[in-house]
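Reading through the structure tokens given below for one structure.
These values consider heavy atoms only, across backbone and side chains, with no hydrogens, waters or symmetry-generated copies. Letters A, B, ... mirror the listed sequences (proteins, then strands); counts begin at 1.
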Number of protein chains: 2
Amino acid sequence: MQHQKLATIEDVAAIAGVSIATVSRAINEPTKVADETRRRVSEAIARTGYTTNAMARSLRMRRSKMILILAPDVGDPNFSNILVGLETEASKRGYGVLIGNTQNDAARETDYLRFISSNQADGLILFTGHLPYGFGSDGGESRLPPMVAVNEPVSDSDVPFVGVDNFEGARIAAEHLISQGHRRIAFIGHSRSRAVNQLREQGYRAALQGAGIVVDPRLILDGDGTTESGRQATEHMFVRDVLPTAFFCVNDATALGVIISLNARRYDLPREFSVMGFDDISFASFVSPSLTTMKQPRLKIGEEAMDLLLARLEGEPLRRKEVLLRAELIVRNSVGRPRRD
Amino acid sequence: MQHQKLATIEDVAAIAGVSIATVSRAINEPTKVADETRRRVSEAIARTGYTTNAMARSLRMRRSKMILILAPDVGDPNFSNILVGLETEASKRGYGVLIGNTQNDAARETDYLRFISSNQADGLILFTGHLPYGFGSDGGESRLPPMVAVNEPVSDSDVPFVGVDNFEGARIAAEHLISQGHRRIAFIGHSRSRAVNQLREQGYRAALQGAGIVVDPRLILDGDGTTESGRQATEHMFVRDVLPTAFFCVNDATALGVIISLNARRYDLPREFSVMGFDDISFASFVSPSLTTMKQPRLKIGEEAMDLLLARLEGEPLRRKEVLLRAELIVRNSVGRPRRD
DNA sequence: ACGATCCATGAAAACCTTTACATCGGTCGA
DNA sequence: TCGACCGATGTAAAGGTTTTCATGGATCGT
């Protein structure tokens with residue numbers, strides 16, 4: 001009962017009174033077939049409800065028109081919005097999108113490559129920040145398909161990356177704080193290892209320097225980008241009693257930690273302290289006070305990444321190795337003018 | 001340069017010194033081939049790095065081992081968590097997962113069916129709440145593949161549904177409020193058309209009835225489940241000056257509206273009013289006060305739905321037409337004991 | 001010792017396209 | 001008028017599997 005046998009190209013050919021080759025051409029290269037013939041074929045297709053069998057086509061053409069998306073956590077809120085962009089662009093160009101949730105598990109990552117090596121996918125979008133395990137190193141033979149990284153660049157490789165311009169975004173954010181009158185601005189989220197954190201810190205420094213403010217190293221605090229790290233950094237600050245008027249956080253999760261900490265200490269935000277985030281994740285508008293932050297153009301990132309990948313797949317030479325999109329300042333209620341003291 | 005020609009089953013056969021039929025059997029039905037032969041084949045496979053070409057296999061087998069997921073909005077936070085479950089279970093059973101973002105656009109929906117009619121997907125998961133446009137009604141011939149609905153049942157159809165037990169969950173939620181001492185409990189989100197709202201309202205009514213509380217119709221307010229509707233209902237309540245001690249909201253989005261409205265009126269929550277949500281969407285823990293709510297077992301819903309679908313695909317008769325999973329009470333800070341007045 | 005049975009394997013068909021090459025009638029140019 | 005070319009179409013191969021059916025040798029029971 002599964003499928004009542006579907007119409008094939010032969011059925012269409014028989015009805016239209018032509019050969020299967022002509023049917024194929026009528027579909028794929030309409031100019032190469034006479035008007036009258038094309039008409040008859042169209043009619044036959046309509047009558048049979050024919051759809052070309054994608055498997056047969058892929059087998060013959062050696063391309064599946066499918067893109068595999070490898071992500072460590074599909075549940076990540078950051079993921080879904082980029083996914084919409086990826087999917088939209090792919091669909092627009094006749095490609096399908098396959099999801100691979102790796103959970104940072106090497107075995108699962110390797111497993112997903114079966115889609116590549118079995119010709120089920122033509123290209124790869126990487127959210128993982130590294131080349132898939134089990135390729136290159138492992139088999140050795142199986143070559144990697146065209147790839148584009150998103151969310152996190154792939155270190156030590158020439159995989160093109162599409163993402164937000166962290167340096168510029170951070171600079172804009174910090175400039176916004178400065179424009180509100182802040183001069184003692186903390187940076188929460190210093191990191192030796194995370195490239196994203198470093199870029200954002202550089203943007204912060206550039207903004208301060210541009211305004212003639214000298215950076216106070218006691219206002220630069222470590223953080224790994226988690227909510228907990230934001231909380232800890234804030235507590236640390238109060239213990240040392242070197243206080244800023246504004247907190248520039250490496251991301252929204254960190255900012256949340258800062259806000260929680262400040263709220264717990266019964267400070268009135270943003271009157272007593274300003275907090276600025278980065279990312280504009282979904283809860284940013286729900287915290288109290290709602291978070292002023294830099295919005296990542298996630299939809300656009302997805303579209304751009306897919307566009308880049310498909311262009312490569314269709315033979316265009318690689319345009320750019322890195323596409324950086326501008327983050328947008330979203331003004332909400334967590335930033336105000338510093339009070340005079 | 002695309003793919004340096006991959007090893008085929010023939011290459012393996014040649015190296016192992018057997019026919020391709022034997023190689024195929026060695027892979028798919030190992031018991032049917034002699035130990036020694038199997039060993040030789042395995043070795044040849046290892047040496048060539050052979051992977052079976054999924055396209056050829058699908059073509060021959062007439063099944064792709066792919067599941068298409070049709071969702072109106074892939075960016076919806078509700079979506080991604082269910083997706084993880086779907087994906088996990090599918091992957092465990094050797095299936096792949098294809099994403100179709102329809103944006104409630106009939107044309108896109110129809111478009112995605114090409115994956116079905118071209119044999120690129122064997123089954124369908126529906127987030128949309130209705131049968132895909134352009135099938136059944138339209139072509140007439142093309143039959144629908146096995147399907148399972150999730151998130152929203154498909155009305156007027158026999159598509160099996162996997163979801164949360166709304167009635168039972170709402171009853172538990174309302175009972176929690178009652179156990180805290182509330183007796184004047186409002187229900188925000190009455191709806192003539194939405195099945196989910198109705199079930200939750202019934203659960204609410206059942207709990208009140210069970211506790212011998214008579215439902216005050218003035219405390220039942222309309223709402224379509226949006227944040228704005230929650231805000232409006234609350235304002236409406238204050239205008240009419242018939243006040244509850246607790247608000248039971250049809251979902252978290254509505255609860256957020258209620259909280260915003262109460263916060264704006266400078267009430268101290270949960271001392272003066274309690275608010276209960278339903279769903280446990282991601283921001284629920286970030287609002288202030290953090291929201292006490294019923295958690296949908298989203299991961300489990302995804303797994304269960306995929307399991308049901310794959311079972312059908314593999315020929316098992318349909319087990320159940322509806323699978324309802326229990327929601328879990330998550331106690332946070334938006335519910336307290338009513339103050340005495 | 002011989003027919004029946006069984007097990008391991010091989011040959012070939014089928015799955016449905018796309019496309020290189022061949023064919024055929026007609027048109028154009030000289 | 002004839003050869004060259006052209007445009008429309010058909011023939012057949014190729015793409016890589018799975019699976020039915022056939023084959024041949026070994027084993028078993030009597």
Side-chain angles (χ1 to χ4, degrees), chain A residues 2-42 44-45 48-65 94 114-120 122, chain B residues 2-42 44-45 48-65 94 114-120 122:
Chain A
Q2 281 285 51
H3 288 286
Q4 65 187 31
K5 205 163 163 177
L6 294 150
T8 78
I9 201 173
E10 283 200 74
D11 303 331
V12 175
I15 292 187
V18 296
S19 76
I20 62 169
T22 301
V23 174
S24 175
R25 275 188 291 256
I27 296 171
N28 301 310
E29 312 161 289
T31 62
K32 292 205 175 174
V33 27
D35 289 358
E36 163 60 11
T37 314
R38 190 166 55 235
R39 204 192 49 69
R40 289 214 315 278
V41 170
S42 300
I45 289 179
T48 52
Y50 168 76
T51 332
T52 97
N53 180 316
M55 294 320 177
R57 154 177 265 180
S58 296
L59 174 59
R60 174 63 222 236
M61 309 262 291
R62 294 181 146 150
R63 49 199 325 224
S64 57
K65 293 207 137 204
R114 72 170 195 275
F115 286 115
I116 300 298
S117 51
S118 70
N119 275 326
Q120 257 175 124
D122 300 338
Chain B
Q2 280 284 51
H3 288 285
Q4 66 190 29
K5 205 161 162 175
L6 294 149
T8 77
I9 200 173
E10 282 200 73
D11 303 332
V12 175
I15 293 187
V18 295
S19 75
I20 62 170
T22 301
V23 175
S24 174
R25 276 188 290 257
I27 296 171
N28 302 309
E29 312 160 290
T31 63
K32 292 204 173 174
V33 28
D35 288 359
E36 162 60 10
T37 314
R38 192 167 52 235
R39 203 192 50 68
R40 287 216 314 279
V41 171
S42 300
I45 289 179
T48 53
Y50 168 76
T51 332
T52 96
N53 179 318
M55 294 319 174
R57 155 177 264 184
S58 296
L59 174 59
R60 172 65 221 231
M61 309 263 288
R62 294 171 141 162
R63 45 199 331 224
S64 56
K65 293 209 141 204
R114 71 170 195 275
F115 286 116
I116 301 297
S117 51
S118 70
N119 276 325
Q120 259 177 118
D122 300 337

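- Using a 4.0 Å cut-off, no side-chain N or O of B:Thr52 falls inside it from OP1 or OP2 of D:dT17.
- With hydrogens and angles ignored, the 3.5 Å screen pairs a side-chain donor or acceptor of B:Thr48 with a backbone N or O of B:Ile45.
- Of all nucleotides in DNA chain C having an atom under 4.0 Å from a heavy atom of chain B, the first and last in 5' to 3' order are C:dA8 to C:dC16.
- Rounded to an integer number of Å, the gap from B:Asp11 CG to D:dG16 P is 9 Å.
- A donor-acceptor contact under 3.5 Å is formed by the side chain of A:Arg25 with the base of D:dG10.
- The CD-P distance, from A:Glu10 to D:dG10, rounds to 13 Å in whole Å.
- Atom-to-atom, CD1 of A:Ile20 to C1' of D:dG10 comes out at 10 Å; the value is rounded to the nearest Å.
- Using a 4.5 Å cut-off on side-chain heavy atoms (C-beta onward), A:Met55 and B:Ser64 make contact.
- Residue A:Ala21 has its side chain nearest to D:dG10 when only D:dT19, D:dG10, D:dA8 are considered.
- Using a 4.0 Å heavy-atom criterion, one finds that A:Ser58 contacts no nucleic acid atom at all.
- Between the CZ atom of A:Arg57 and the P atom of D:dG16 there is a distance of 18 Å, rounded to whole Å.
- Contact check for A:Thr52 versus A:Ile27: side-chain heavy atoms found under the 4.5 Å cut-off.
- One finds no side-chain N or O of B:Asn53 lying less than 4.0 angstrom from the OP1 or OP2 phosphate oxygen of D:dG15.
- Heavy-atom distances to DNA chain C give each of A:Asn28 and B:Leu59 a nearest nucleotide, and the one nearer the 5′ end belongs to B:Leu59.
- Whole-Å rounding puts the A:Lys32 NZ to D:dT9 P distance at 13 Å.
- Looking at A:Thr37 and A:Thr22, their side chains come closer than 4.5 Å, going by heavy atoms from C-beta outward.
- Within 4.0 Å (heavy atoms only), A:Ser118 reaches no atom of the nucleic acid at all.
- B:Asn119 places its CG atom 15 Å from the C1' atom of D:dT17, with the value rounded to the nearest Å.
- Of the possible donor and acceptor atoms, one in the side chain of B:Asp11 sits under 3.5 Å from a partner among the backbone N and O of B:Thr8.
- Considering B:Arg38, B:Lys32, B:Arg39 in turn, B:Arg38 is the only one that fulfils the salt bridge (Lys or Arg N to Asp or Glu O under 4.0 Å) rule with B:Asp35.
- Within 4.0 Å of A:Ser24, counting heavy atoms only, lies at least one base atom of the nucleic acid.
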Test log, rule side chain to side chain donor-acceptor pair (under 3.5 Å), inputs A:Arg62 and B:Asn53: CA-CA 10 Å; A:Arg62 294 181 146 150; B:Asn53 179 318; over 6 Å; no
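- Both A:Ser19 and B:Val23 lie close to DNA chain D; mapped to their nearest nucleotides by heavy-atom distance, the more 5′-ward contact belongs to A:Ser19.
- For the pair B:Met61 CE and D:dT20 C1', the computed distance is 15 Å after rounding to whole Å.
- Put simply, CZ on B:Arg63 is 13 Å from P on D:dT18, counting in whole angstrom units.
- Map B:Arg60 and B:Val18 each onto its nearest nucleotide of DNA chain C; the residue landing nearer the 5' end is B:Val18.
- Under the 3.5 Å distance criterion, the side-chain polar atoms of B:Asp122 are matched with a main-chain donor or acceptor of B:Lys65.
- Proximity note for A:Arg62 (side chain, C-beta onward) versus D:dG15, D:dT9, D:dT19: the nearest is D:dG15.
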